[in-house]
**Q** 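One structure, as structure tokens, below. Some questions next.
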Amino acid sequence: MIYHKILTVQDISCFGQCSLTVALPILSAAGHETAILPSAVLSTHTAGFTGYTFRDLTEDIPGIVAHWQKEHIRFDAIYTGYLGSTEQIEDVKQMLHVLAGKNFVSFVDPAMADNGKLYPAFDQTFVEQMKTLAFSADIILPNITEACMLTGMEYREHYDEVYIDELLSRLTAAGAKTVILTGVSYRPEATGVVVFENGKKAYYEHRKIAKGSHGTGDVYASAFVGAYMRGKSAYESAVIAADYTVRCIENTIDDPDHWYGVKFETALPYFMQRLEN
Ligand code: PXL
């Protein structure tokens, strides 16, 4: 039985079903031992709430990593998401070297933007630093906005396959290896994910649910990492993660009070069952 040790580095949004509160249960459900390194602690996520608290944990990170090194703790994979500061990115890059075990895989979700806009906590300096982390990873999982910011390409709401090909080719030219590009929609009623690996592109299209849902990028990336580390291919992992994320959105769609996240918990048995096949 595959049993991997994964470290995920992202914030704790205490309320709001995103980042670590989503990644830890999903990776555990996938059967992986999961260690966490919180990049920051917020009272809620920043997408829709106002007046949230934000404690940057950048200063704590070097000490945590040094202790782990002393204890000879190594990981089979590191998966990074929303980070707490520009300075922290350098520490995270170091981690990919000093905490890597054998057959190590690094996953970077450059969680910094959506719908053409940077998240409130970030600026262009952060984007520049994120490029150096993203382009050193084995697998990146940007949405279209993030891919545009990583490559300097103009963000468009409406585009065609030529635009997506140009985005992929710029990402690869900049150093990206495997790219999982999320939220690629060529028709109003559908969306999907592009898997670009070893120069080959594959597209998985699925149902698009009209209402925008917060936290789905984190659900998607966590499920992808969970599936990939269970030995699924990048494409199989992308499909499982997409189908699971759609279930999570379907679970939530009828509850207007639940605007801040998705009910990913009740779909975990479905995710686990998909991993068995
Ligand atoms: O879901 C991405 C995310 C993670 N963490 C925080 C966020 C967001 C998106 O806005 O604000 C704190």
Side-chain angles (χ1 to χ4, degrees), residues 7-27 34 36-58 60-61 78-89 91-92 107-124 126-127 129-130 133-134 137 139-150 155 180-183 191 193 209 211-226 241-242 244-246 248-249 251-252 258-265 267:
L7 169 65
T8 182
V9 187
Q10 38 191 315
D11 73 284
I12 297 179
S13 283
C14 299
F15 182 84
Q17 284 172 314
C18 71
S19 27
L20 280 183
T21 66
V22 162
L24 179 57
I26 292 177
L27 291 171
T34 307
I36 59 164
L37 212 176
S39 57
V41 179
L42 295 87
S43 49
T44 64
H45 62 62
T46 66
F49 295 101
T50 52
Y52 42 82
T53 68
F54 185 104
R55 181 170 300 275
D56 174 14
L57 295 182
T58 301
D60 296 59
I61 289 180
I78 296 182
Y79 151 41
T80 73
Y82 186 104
L83 299 179
S85 70
T86 304
E87 297 69 43
Q88 199 177 89
I89 297 178
D91 293 323
V92 173
F107 301 86
V108 170
D109 176 354
M112 60 182 175
D114 206 359
N115 303 313
K117 285 205 235 54
L118 269 179
Y119 293 147
F122 303 130
D123 59 15
Q124 196 52 36
F126 183 90
V127 174
Q129 263 301 94
M130 180 53 85
L133 174 63
I139 301 187
I140 55 170
L141 300 110
N143 58 36
I144 294 185
T145 305
E146 290 156 348
C148 285
M149 290 181 176
L150 292 173
Y155 172 77
I180 313 299
L181 184 64
T182 58
T191 186
V193 52
I209 299 162
K211 178 180 153 282
S213 303
H214 294 302
T216 49
D218 299 340
V219 169
Y220 185 87
S222 303
F224 178 92
V225 172
Y244 170 58
T245 307
V246 169
C248 296
I249 301 171
N251 276 351
T252 318
H258 207 106
W259 58 268
Y260 50 82
V262 289
K263 299 178 181 176
F264 69 94
E265 304 86 351

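The analysis underlying the following values was restricted to heavy atoms, covering all of them including side chains, and did not include hydrogens, waters or symmetry mates. First listed ligand is number 1; within each ligand, the first listed atom is number 1.
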**Q** Got Leu20 and Thr8 here, is their nearest side-chain heavy-atom distance under 4.5 Å?
**A** yes

**Q** Check each of Thr182, Val193, Leu181 against Asn143 using the side-chain contact (heavy atoms from CB on, under 4.5 Å) test, and report the only one that passes.
**A** Thr182

**Q** Any non-hydrogen side-chain atom of Tyr260 less than 4.5 Å from a side-chain atom of Thr44?
**A** no

**Q** I'd like to know whether ligand 1 has Ser13 as a neighbour, heavy-atom separation below 4.0 Å.
**A** yes

**Q** Counting both backbone and side chain atoms, is some N or O of Thr46 under 3.5 Å from an N or O of ligand 1?
**A** yes

**Q** Give the numbers and elements of all ligand 1 atoms closer than 4.0 Å to a heavy atom of Leu42.
**A** 12 (C)

**Q** Identify the protein heavy atom lying closest to atom 1 (O) of ligand 1, giving its residue, its atom name and the separation to 0.1 Å.
**A** Asp218 OD2, 2.7 Å

**Q** Output yes when a side-chain donor or acceptor of Glu87 lies under 3.5 Å from a complementary backbone atom of Thr58, and no otherwise.
**A** no

**Q** If we ignore hydrogens and angles and just use 3.5 Å, is the side chain of Asp109 paired with the main-chain N or O of Tyr79 as donor and acceptor?
**A** no

**Q** Is any N or O atom of Tyr82, backbone or side chain, closer than 3.5 Å to an N or O atom of ligand 1?
**A** no

**Q** Look only at interatomic distance and state if His45 has a nitrogen or oxygen under 3.5 Å from any nitrogen or oxygen of ligand 1.
**A** no

**Q** Within a distance under 4.0 Å of any heavy atom of Ser19, pick out the atoms of ligand 1 and give their elements.
**A** 4 (C), 5 (N)

**Q** Got the closest protein heavy atom to atom 5 (N) of ligand 1, with its distance?
**A** Asp11 OD1, 2.7 Å

**Q** Looking only at the aromatic ring of each residue, does the gap between the centers of Tyr82 and Phe122 stay below 6.0 angstrom?
**A** yes

**Q** Does Ala111 have a non-hydrogen atom less than 4.0 Å from ligand 1?
**A** no

**Q** Indicate yes or no: at least one non-hydrogen side-chain atom of Asn251 is less than 4.5 angstrom from one of His258.
**A** no

